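Down below is the structure, laid out as structure tokens.
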Amino acid sequence: MTDRDRHVRVRIAPSPTGPPHVGNAYIGLFDFVFARHAGGEFALRIEDTDRERSTAESEQAIMEGFKWLGLDWDEGPDCGGPHAPYRQSERSDLYAEHARMLLEKGAAYRCFCAPERLARMRKAQREEGESFGYDGHCRDLGEEEIAAKLAEKAPFTVRLKVPEGGQTGFTDLVRGDVSVPNAEIDDQILLKSDGFPTYHLANVVDDHLMEISHVIRAEEWISSTPKHVLLYGAFGWEAPTFVHMPLLRNKDKTKISKRKNPTSLLWYREQGFLPAALRNFLALMGWSMGEDREIFSTEEMIHGFTWDRIKTSGPVFDMQKLEWMNGEYIRATPPDELLQRILEEPYTTRVDEPAEKLLEIVKLIQERINRLADFDEQTNFFFEREDYDAEELIPRKQDAAFTRDVLDAIGRKLGSVEEWATEPLELAMRELADELDCKRGALYMPLRVAVTCRRVSTPLFETMEILGRDECSERLGIAARKVGALVED
RNA sequence: GGCCCCAUCGUCCAGUGGUCUAGGACACCGGACUUUCGAUCCGGCAACCGGGGUUCGACUCCCCGUGGGGUCACCA
């Protein structure tokens, strides 16, 4: 590459028109990793040139989302930097000035066409089956004509004057040479009639002024890159290196969308995906370590990062695999740290419970949840008695009378347990099974349901220890009455 | 439709001309362990889009087709 020695500076440039998008985070991860790998800088630039749709809340959410994911930027609207401001709405003069430069050089021209005319033009093109694009109506207006329009304060846009013939191309770092006939490139609007720039102008101007060395962005931008190349050329600037990452896909292979997939970073946080797990998963969607390793830290990725391990085909975002991976991370987290995370967000409503009790519960639940948000649902019975059907108490191939007797026997046996702890409890129940000459399962199921109110729960005796003697015997009493009522019938 | 990008198991990721009867993971299906679920361990299922080249030899290189995707806004 010609820029081998160039100091690495990358940027993520989200548009604050909605919640932070997972696709943005995906690109941001690669920006972050590459910058760290190369000892360069990573900037966050807010592209709020769409005045209709940009909101301050969205900008805030984007920063929160990125921060949560752990993608720390070195320069941005919140922390400033050598090329501030990092919000495009605050750089309007710059763009207008540069548009003027282009006008003077003859690389751009004023277009006075009204939106209605453009709409009509497009409609006609569609009907004729012609190729689309601006028809060049204002491309060669005379000096006087322009002066007259300007005098009457007619609104206008500034368009890029794309050369008639030839080709425009660039070398994508991971895809190689890409080039397009200039005839295919539209005379793109650079400056809107409201005086704000379009993405194309603002992007090129800022990337140059901010000394961005590598433009890492999604594949959907490939088709407009030639326009950008033309712009760099018109300004007499050296273009940055382009890298187009594959697009994240829905199950049907179309580009990921919120209709078919959760795309908000905030959602992933709410669900309790661990940032490290999500980063690992996202990394795997475009990059691999080799050696068939799928679980790796961002730190490891930074160390081993190379562009030639980037994939160019679009990966389907597989939520099941993400869940599995998140589960792996959850299981690998020390229980006290896990509890900390659960309490921080918080993913539980049980924030006022004693920490020691919560920690014991976390140990039991850790290997059976894949999202932190699953915590409450799976541990509810530790905190409140849940209602359940008396039938649930009855083990397979047994009846209510048997169950009532077993429950009574359990109650009595438990009364003789001196130390209310996992080991002694299990020992006692084993003894009881022998005494009653029944299978352990037939004993444990009624006990489990009586104590946890569920057929599926955390390990029985550990759970009983946490619940405590009093609560257990109360619940046993309730269960006995429930099943007793069945016997009466 | 024009242009552009892409093409290995259902999905994710390896494979960079011979070591491929193609490897790992998720999911799925069995089995083991087990007080339920889960976790864990073991095993199974399952792919090089098609056709031409190049070559002693192609999953790997080239071309064409096919398929999928993106893009054609005063949105990014």
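So that the names make sense, note that chain A is the first sequence line, chain B the second, and so on, each numbered from 1. Since the structure is predicted, the reported quantities are computational estimates derived from the model, not experimental observations. Heavy atoms only: backbone and side chains are in, while hydrogens, waters and symmetry mates are out.
Comparing A/T17 and A/E426 along RNA chain B, the residue whose closest nucleotide (by nearest heavy atom) sits nearer the 5' end is A/E426. Nearest-nucleotide positions on RNA chain B for A/T312 and A/I369 put A/T312 closer to the 5' end.
Nearest nucleotide to the A/E328 side chain, out of B/rA76, B/rC37, B/rU40: B/rU40. Among the nucleotides B/rA76, B/rC37, B/rU11, the one closest to the side chain of A/Y199 is B/rA76. Checked against B/rU11, B/rC74, B/rA14, the side chain of A/K253 finds its nearest nucleotide in B/rU11. Considering only side-chain atoms of A/W221, the nucleotide from B/rU36, B/rA76, B/rG23 that sits closest is B/rA76. Closest to the side chain of A/R249, from the set B/rU11, B/rG68, B/rA76, is B/rG68. Closest approach to the A/S313 side chain among B/rC6, B/rC5, B/rU71 is made by B/rC6 (side chain taken as heavy atoms from C-beta onward). Nearest nucleotide to the A/Y444 side chain, out of B/rC3, B/rU35, B/rG68: B/rU35. Of the listed nucleotides (B/rC4, B/rG70, B/rA14), B/rG70 has the atom at the smallest distance from the side chain of A/T254. Closest contact between the side chain of A/T198 and the listed nucleotides B/rA76, B/rG10, B/rU40 involves B/rA76. In this structure, of B/rU11, B/rA27, B/rG70, it is B/rG70 that holds the atom nearest to the side chain of A/S223.
Separating the P atom of B/rU60 from that of B/rU16 is a span of 13 Å, rounded to the nearest Å. Atom C1' of B/rC61 sits at a distance of 15 Å from the matching atom of B/rG18, rounded to the whole Å. For the C1' atom pair drawn from B/rA46 and B/rU21, the interatomic distance equals 15 Å after rounding to whole Å. Nucleotides B/rA7 and B/rC64, compared at atom C1', are 15 Å apart to the nearest Å. When the C1' atom is used for both B/rA47 and B/rC59, the distance is 10 Å, rounded to whole Å. Comparing the C1' positions of B/rG50 and B/rG44 gives a spacing of 30 Å, expressed to the nearest Å. Taking atom C1' in both B/rC63 and B/rC28, one finds a spacing of 40 Å when rounded to whole Å. Comparing the P positions of B/rU54 and B/rC72 gives a spacing of 42 Å, expressed to the nearest Å.
Ion pairing between A/R91 and A/E47 fails under the 4.0 Å rule for side-chain N and carboxylate O.
If you check every strand for non-hydrogen atoms under 4.0 Å, A/D50 touches sugar and phosphate atoms only. Residue A/L460 is in base contact, counting any heavy-atom pair closer than 4.0 Å across all strands shown. Using a 4.0 Å heavy-atom criterion, one finds that A/K311 contacts the sugar-phosphate atoms exclusively. Across all strands, A/S288 comes closer than 4.0 Å only to sugar-phosphate atoms, never to a base (heavy-atom distances). Within the nucleic acid shown, A/M285 comes within 4.0 Å of sugar-phosphate atoms alone, with no base atom in reach, counting heavy atoms only. Note on A/R448: a base of the nucleic acid sits closer than 4.0 angstrom, heavy atoms only.
Between A/R117 atom CZ and B/rC74 atom C1' there is a gap of 14 Å when expressed in whole angstrom units. Distance NE2 (A/H228) to C1' (B/rU71): 12 Å, rounded to an integer number of Å. When rounded to the nearest whole Å, the span between CG of A/D252 and C1' of B/rG67 equals 15 Å. Atom CD of A/E128 is separated from atom P of B/rC72 by 22 Å (rounded to the nearest Å). Atom NE2 in A/H244 sits roughly 20 Å away from atom P in B/rC3 (whole-Å rounding). The distance from atom CG of A/D374 to atom C1' of B/rC37 is 13 Å, rounded to the nearest whole Å.
For A/E435, the CD atom is densely surrounded, since the number of other residues' heavy atoms within 6.0 Å is greater than 12.
With a cut-off of 3.5 Å on both pairing distances, the Watson-Crick or G-U wobble partner of B/rG50 is B/rC64. Pairing for B/rG1 is with B/rC72, a Watson-Crick or G-U wobble pair whose two hydrogen-bonding atom distances lie under 3.5 Å. Checking B/rU34 for Watson-Crick or G-U wobble geometry (two distances, each under 3.5 Å) identifies no partner in any strand. Taking a pair to require two hydrogen-bonding distances under 3.5 Å in either a Watson-Crick or a G-U wobble arrangement, B/rA58 remains unpaired. In this entry B/rC20 has no Watson-Crick or G-U wobble partner, no candidate having both defining distances under 3.5 Å. The partner of B/rC28, taking Watson-Crick or G-U wobble pairs whose two distances both stay under 3.5 Å, is B/rG44.
At a cut-off of 3.5 angstrom, the base of B/rA27 holds no donor-acceptor pair with the side chain of A/K321. In the interface, the side chain of A/E219 is not paired with the base of B/rG70 through any donor and acceptor atom under 3.5 Å apart. Side-chain to base pairing of A/S193 with B/rC74: one donor and one acceptor N or O lie within less than 3.5 Å of each other. Donor-acceptor pairing under 3.5 Å, judged by distance alone, is absent between the side chain of A/R455 and the base of B/rU36. For a distance-only test at 3.5 Å, the side chain of A/R53 qualifies as a donor-acceptor partner of the base of B/rC75.
Residues A/Y347 and A/F375 place their aromatic rings such that the two centres sit no closer than 6.0 Å. For an aromatic pair to be called close, the ring centres must be under 6.0 Å apart, and A/Y95 with A/H200 fails this. Aromatic rings from A/Y199 and A/W221 are positioned such that their centres are separated by under 6.0 Å. A/Y444 has its ring centre less than 6.0 Å from the ring centre of A/F461.
Checked by atom type and distance alone, the side chain of A/Y26 never pairs as donor or acceptor with a backbone atom of A/F30 at under 3.5 Å. For A/R455 (side chain) and A/E392 (main-chain N/O), a donor-acceptor pair under 3.5 Å exists by modelled atom type.
The phosphate of B/rC74 (OP1 or OP2) has a side-chain N or O of A/R122 nearer than 4.0 angstrom. The side chain of A/R309 places an N or O atom within less than 4.0 Å of a non-bridging phosphate oxygen (OP1 or OP2) of B/rG15. Applying the 4.0 Å criterion to OP1 and OP2 of B/rA73, one finds that A/K192 has every side-chain N and O outside that range.
Side-chain contact of A/T312 with A/R175: a donor-acceptor pair under 3.5 Å is absent, judged by distance alone.
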